[in-house]
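Source: prediction; values computed, not measured. In the text below, chain A, chain B and the rest are named by the order of the sequence lines, each starting its count at 1.
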Amino acid sequence: MVEIFGVPLPALMGQLMLGLVNGSFYAMLSLGLAVIFGMLNIINFAHGALYMAGAFLAWFGLQYWNIGYWQSLLLVPLVVGAFGIVIERTMLQWLYKLDHLYGLLLTFGLALIIEGLFRDQFGVSGQPYAIPDELSGALNLGFMFLPKYRAWVIVASLTVCAATWFAIEKTRLGSYLRAATENPKLTQAFGINVPVMVMLTYGFGVALAALAGVLAAPALQVNPLMGSNLIISVFAVVVIGGMGSILGSILTGLGLGVIEGLTKVFYPEASATVVFIVMALVLMVRPAGLFGKEK
Amino acid sequence: MKKPTLITTALMAAFGLAAGGAQAQISDNVVKIGVLTDMSGAYSDLAGPGALEATKMAVEDFKAKEKPSFAIEIVSADHQNKGDIASNKAREWFDRDKVDVVSELVTTSTALAVMKVAKEKNKIALVSGAASTRITNEDCNDVTVHWTYDTYAVANGTAKAVVKQGGKSWFFLTADYAFGQSLEKDASDVVVANGGKVLGSVRHPFPGTDFSSYLLKAQASGAQVIGLANAGTDTTGSIKQAAEFGVTPKQSLAGLLMFITDIHSLGLKATQGMYLTEAFYWDANDETRAWSKRFMLRAKKMPTMVQAGQYSSVMHYLRAVKATGTDNTQKVMAWMKTTPINDFFAKKGTIRDDGRMVHDMYLMQVKKPDEQKYPWDYYNVRQTIPAAEAFQPLSASKCSLVTKH
């Protein structure tokens with residue numbers, strides 16, 4: 001059998017595949033953060049909590065209202081996105097002119113409150129969410145059995161990421177958005193309703209987090225801490241990719257998932273730390289991140 | 001949905017007032033119990049607010065039954081599973097707030113940190129939730145009692161049973177800190193001693209969310225049994241993902257430290273047939289049922305062994321204070337060590353010189369879904385492991401208090 005540094009090739013391929021699955025989650029979450037930061041200049045610390053809320057809402061749906069996985073995939077992001085819009089209208093919109101720190105503190109506080117409410121009601125052990133019938137079972141890839149659900153996660157997340165990138169970089173709506181970020185006053189002068197666009201952007205970023213939450217629900221245990229366990233790594237991904245860079249966050253998300261996967265093969269003890277080591281290295285060479293623009 | 005929140009909030013508020021008032025009147029006639037636990041993290045379901053509730057029950061029951069002449073107060077704090085936070089809080093409690101005893105201490109690293117502070121300040125530490133045998137071995141001291149269970153006791157019960165069922169080759173999935181390593185070591189010893197062999201292990205950071213990579217390694221090892229040397233959300237995550245990746249049922253899982261809250265969270269379908277060892281099961285007899293139903297009314301869930309043990313340890317401590325008429329650490333410890341523990345949690349329990357409270361342990365097997373008759377009906381008790389066999393024998397102890405003699 002072919003071996004690389006003492007690890008059989010099939011095992012290595014398997015771990016790479018799993019890294020890609022985790023990378024998909026990183027990509028979707030960091031994409032939402034990048035969109036929000038890019039357009040609103042808000043460091044959205046509530047992202048992890050809203051991801052968790054998305055997973056819980058899917059669980060509620062199944063448990064109490066007989067709403068299945070596929071409906072949840074559509075409904076949950078809408079509901080959480082609407083909640084995001086409420087947050088933006090009632091709180092965030094007053095902070096755009098202030099230092100980043102204010103937005104960070106506000107959203108951090110929101111994250112603690114949301115998480116605390118769920119923890120109080122449900123405890124931390126988590127709730128089970130079954131994998132939908134269509135996606136249960138596994139695919140034999142030759143080098144590993146990949147559960148169909150994980151394969152679906154990769155496909156779904158890549159599709160969403162690509163569509164978002166396309167919408168922002170290649171469409172007319174996207175060009176308005178980018179213009180509104182560059183120079184909100186001038187854009188408004190052209191008759192474009194900038195506050196509404198900003199509001200919808202926040203709603204969309206939050207909806208992405210909720211969608212990631214629904215995708216994660218069957219793969220992981222639905223648990224009030226699932227967001228805070230992940231969010232710090234996701235922030236590191238955003239910083240490595242370059243704050244606010246759409247393409248950067250997608251590629252870095254996937255890349256870091258894979259690097260983390262490889263670490264789990266060679267030195268599992270460091271797998272929780274490796275993202276931050278990469279972050280430190282990148283910041284030393286490129287302070288604005290891999291895809292970020294120096295200001 | 002709204003009611004419990006309101007009640008909890010009111011309780012917390014009332015409790016906060018009580019704790020605040022205590023600081024003003026510092027009197028030698030007050031026994032102050034500190035509950036230092038994980039209030040919000042990975043272990044908050046199995047210890048946390050439930051352990052605080054159990055402490056309150058112990059104090060109320062003690063007051064009602066024994067009519068003590070001294071006042072009793074409870075303070076509590078969240079140690080966030082971090083050793084430094086725990087030892088700072090304990091120091092503050094002992095130095096400033098005149099706390100007499102610090103209790104619960106889930107997560108080995110926090111227990112080890114607080115035990116040292118207690119020794120330095122000559123106060124008592126009652127450990128219920130922490131697991132490592134280091135507490136009564138390398139790191140033992142004469143002011144600490146390890147009450148509910150330890151890694152030896154749970155590994156011993158479960159690993160022995162699984163090896164006897166034919167699970168001879170093992171691979172460990174281990175939480176990478178003092179507790180996980182201790183659990184892995186104790187379980188490995190039992191496996192080898194009973195004629196099995198250990199093929200390898202992988203250590204994951206704590207707390208983890210994705211265990212698939214480690215499970216794949218375990219799968220590749222070809223071991224019959226994958227020993228889960230972790231706890232709480234790490235264990236539930238591992239079990240769920242093992243099913244997803246087809247690791248089970250080809251290979252079987254052994255949860256070396258599992259609590260009833262884990263079973264409750266995963267459901268019987270995912271856990272049926274698993275063996276596990278616990279110090280307490282709410283549905284074991286009339287006495288345990290009576291206490292647990294009272295607990296259920298207050299905490300909205302059945303108690304774990306940690307919470308039941310917490311009640312038992314606080315009660316024994318309070319009885320010691322009343323009997324000796326002092327909160328002097330040495331006198332209270334002497335009484336506690338010479339007086340057997342007989343309550344719903346333990347029968348003829350005794351505290352050894354190394355600080356280990358020894359009592360019977362129970363080997364459980366998780367019921368099949370169709371065997372369940374009512375909520376929380378999860379276990380068949382397969383075997384009672386007598387106190388003498390359940391814990392590490394004193395002859396094997398590395399505790400300086402024991403080896404000195």
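- In this model, a donor atom of one side chain and an acceptor atom of the other lie less than 3.5 Å apart for A:Y26 and A:E260.
- Contact count versus chain B (heavy atoms, under 4.5 Å) is highest, among A:K148, A:Q127, A:E269, for A:E269.
- Proximity to chain A (any heavy atom under 4.5 Å) is shown, for B:T209, by both the backbone and the side chain.
- Both the backbone and the side chain of A:L220 come within less than 4.5 Å of a heavy atom in chain B.
- One side chain, B:T37 or B:E104, offers a donor N or O that lies under 3.5 Å from an acceptor on the other.
- The aromatic rings of A:F56 and A:W59 lie perpendicular to each other, with more than 60° between the two planes, well past the 30° mark.
- Checking A:Y267 against A:T273 by side-chain atom types alone, no donor-acceptor pair falls below 3.5 Å.
- For A:P218, the part lying under 4.5 angstrom from a heavy atom of chain B is the backbone only.
- Between B:Y311 and B:F295, the ring centre distance reaches or exceeds 6.0 Å.
- Heavy-atom pairs under 4.5 Å with chain A peak, among B:P205, B:S213, B:G232, B:A270, at B:S213.
- Highest contact tally toward chain A, considering only B:A220, B:S212, B:S44, is held by B:S212 [criterion: heavy-atom pairs under 4.5 Å].
- Options A:P128, A:S271, A:P147 differ in how many heavy-atom pairs under 4.5 Å they form with chain B, and the most are formed by A:P147.
- B:Q307 places none of its side-chain heavy atoms less than 4.5 Å from the side chain of B:F280.
- Of the listed residues (B:E244, B:R203, B:Q219), the greatest number of heavy-atom pairs within a distance under 4.5 Å of chain A belongs to B:E244.
- The existence of a salt bridge linking A:R150 and B:D210 is confirmed by a sub-4.0 Å separation between a basic side-chain nitrogen and an acidic carboxylate oxygen.
- Taking chain B as the reference chain and counting heavy-atom pairs below 4.5 Å, the highest number among A:G261, A:A219, A:G19 is found for A:A219.
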